[in-house]
*Asks:* 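One structure, pasted below without further comment.
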Amino acid sequence: MPEQPLSSGPLGMRLLAFATVPEDSPPSDHELTYAIVAAHHDGRLLLVRERTRGCWELPGGGIDPGETAREAAARELWEEADQWVEPSALRFEGFARTALPDHLTRYGALFSAEITDPAPFTPNEEISGISWWAGGDAPAGGPLQTVDVYLAGLTRR
């Protein structure tokens, strides 16, 4: 019987599990391949609109060779949303086990941050816009990646 997801998204992503274990103890049954950040400002969640997928999602992406998940999360937040947070200022929340439509299962590290003074955003090759989302309907221009919204709801604020 297939595993019942905690959440599923509009592009076929499924959140299979979320582990609140120490940051230095990632699960070992699948590779840790990505890091995402639930960044908040004034009670709003930062979402980025990824050009290729056309979806509003949390900033994040792959972990480069030699990089920690924490370093990747800070880098991706900067590259995708023009918001800088020192890696040490990120709060580790846990590991998400996700499955993509092709059944590829992988782990990602979820971090959270409070952005006290948001920087202006300039669109780039990957991200066409950002939104400080207050909840409710998706921002204009695409669907919400509901898996990411679910994960953001698990963060401690």
*Asks:* Taking salt bridge (Lys or Arg N to Asp or Glu O under 4.0 Å) as the definition, give me every residue that meets it alongside Glu67, ordered by chain and number, with sequence neighbours left out.
*Replies:*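 Expected list: Arg75.
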*Asks:* For residues 46-60, pull every pair meeting side chain to side chain donor-acceptor pair (under 3.5 Å), keeping only residues two or more places apart or in separate chains.
*Replies:*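 Residue pairs with at least one partner in residues 46-60: Arg49-Ser128, Arg53-Glu57.
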*Asks:* Hey, can you pull the donor-acceptor pairs under 3.5 Å for the side chains in residues 134-146, sequence neighbours left out?
*Replies:*
| residue | atom | partner | partner atom | Å |
| --- | --- | --- | --- | --- |
| Gln145 | OE1 | Val147 | N | 3.3 |
| Thr146 | OG1 | Ser8 | O | 2.5 |

*Asks:* State, to 0.1 Å, how close Gly94 and Phe18 come at their nearest heavy-atom pair, and which atoms those are.
*Replies:*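 Nearest heavy atoms, Gly94 then Phe18: CA-CZ, 3.6 Å.
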*Asks:* Can you name the salt bridge (Lys or Arg N to Asp or Glu O under 4.0 Å) partners of Glu31, sequence neighbours left out?
*Replies:*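 Not a single residue meets the salt bridge (Lys or Arg N to Asp or Glu O under 4.0 Å) criterion with Glu31.
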*Asks:* Going by salt bridge (Lys or Arg N to Asp or Glu O under 4.0 Å), name the residues that satisfy it together with Asp117, two or more places apart in sequence or in a different chain.
*Replies:*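 Per chain and number, Asp117 pairs via salt bridge (Lys or Arg N to Asp or Glu O under 4.0 Å) with no residue.
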*Asks:* Verify the cluster assignment for Leu32 and Ile36: are they in a single hydrophobic cluster under the rule of side-chain heavy atoms below 4.5 Å apart?
*Replies:*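 Hydrophobic grouping puts Leu32 apart from Ile36.
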*Asks:* Sort and list the pairs that fulfil ring pair (Phe, Tyr, Trp, His ring centres under 6.0 Å) and have at least one residue in residues 104-138, not counting sequence neighbours.
*Replies:*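 Checked against ring pair (Phe, Tyr, Trp, His ring centres under 6.0 Å) - neighbours excluded - the pairs reaching residues 104-138 are His41-Trp132, Phe92-Phe111.
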*Asks:* I need the Gln83 CD to Ile130 CD1 distance, nearest 0.5 Å.
*Replies:*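 CD1 of Ile130 is found 5.0 Å from CD of Gln83.
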*Asks:* Can you list the residues that meet the side-chain contact (heavy atoms from CB on, under 4.5 Å) rule with Leu100, with sequence neighbours excluded?
*Replies:*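 So Leu100 forms a side-chain contact (heavy atoms from CB on, under 4.5 Å) with Met13, Asp102, Leu104, Arg106.
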*Asks:* Looking at every non-hydrogen atom in both residues, tell me the closest pair between Pro87 and Ala74 and how far apart they are.
*Replies:*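 For Pro87 and Ala74, the tightest heavy-atom pair comes out as CG-CB, 3.7 Å.
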*Asks:* CD1 of Ile127 to OG1 of Thr122: how many Å apart, nearest 0.5 Å?
*Replies:*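 Separation between the atoms: 13.0 Å.
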*Asks:* Quick one: list whatever passes side-chain contact (heavy atoms from CB on, under 4.5 Å) with Thr105, sequence neighbours left out.
*Replies:*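 Residues passing side-chain contact (heavy atoms from CB on, under 4.5 Å) with Thr105: Leu16, His30, Arg97, Ala99.
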*Asks:* Are Leu6 and Val149 linked, directly or through intermediate hydrophobic residues, by side-chain heavy-atom contacts shorter than 4.5 Å (ILVMFWY only)?
*Replies:*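 Both belong to a single hydrophobic cluster.
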*Asks:* Any chance you could pull the hydrophobic cluster mates of Trp78, using side-chain heavy atoms under 4.5 angstrom and chaining through other members?
*Replies:*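 Reading the cluster by chain and number, Trp78 sits alongside Trp84.
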*Asks:* Tell me whether Ile63 is reachable from Leu151 by hopping between hydrophobic residues (I, L, V, M, F, W, Y) whose side-chain heavy atoms are closer than 4.5 Å.
*Replies:*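 In one cluster: no.
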*Asks:* Can you list everything that forms a side-chain contact (heavy atoms from CB on, under 4.5 Å) with Asp24? Sequence neighbours excluded, please.
*Replies:*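 Partners of Asp24 under the side-chain contact (heavy atoms from CB on, under 4.5 Å) test: Pro22.
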*Asks:* Quick one: side-chain contact (heavy atoms from CB on, under 4.5 Å) partners of Val85, sequence neighbours excluded?
*Replies:*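 Listed in chain order: Leu77, Ala89, Leu90, Ala113, Ile115.
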*Asks:* If I take atom CG from residue Asn124 and atom CG from residue Asp82, how far apart are they, to the nearest 0.5 angstrom?
*Replies:*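 If I round to the nearest 0.5 Å, the distance is 7.0 Å.
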*Asks:* Testing Leu58, Val37, Val48 for side-chain contact (heavy atoms from CB on, under 4.5 Å) with Glu80, which one passes?
*Replies:*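 That would be Val48; it is the only one of Leu58, Val37, Val48 passing the side-chain contact (heavy atoms from CB on, under 4.5 Å) with Glu80.
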*Asks:* Check salt bridge (Lys or Arg N to Asp or Glu O under 4.0 Å) between Glu23 and all other residues, then give those that pass, not counting sequence neighbours.
*Replies:*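 Here the qualifying residues are Arg70.
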*Asks:* Can you confirm whether the side chains of Glu93 and Ser112 place a donor and an acceptor under 3.5 Å from each other?
*Replies:*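 Distance-only check passes for Glu93 and Ser112.
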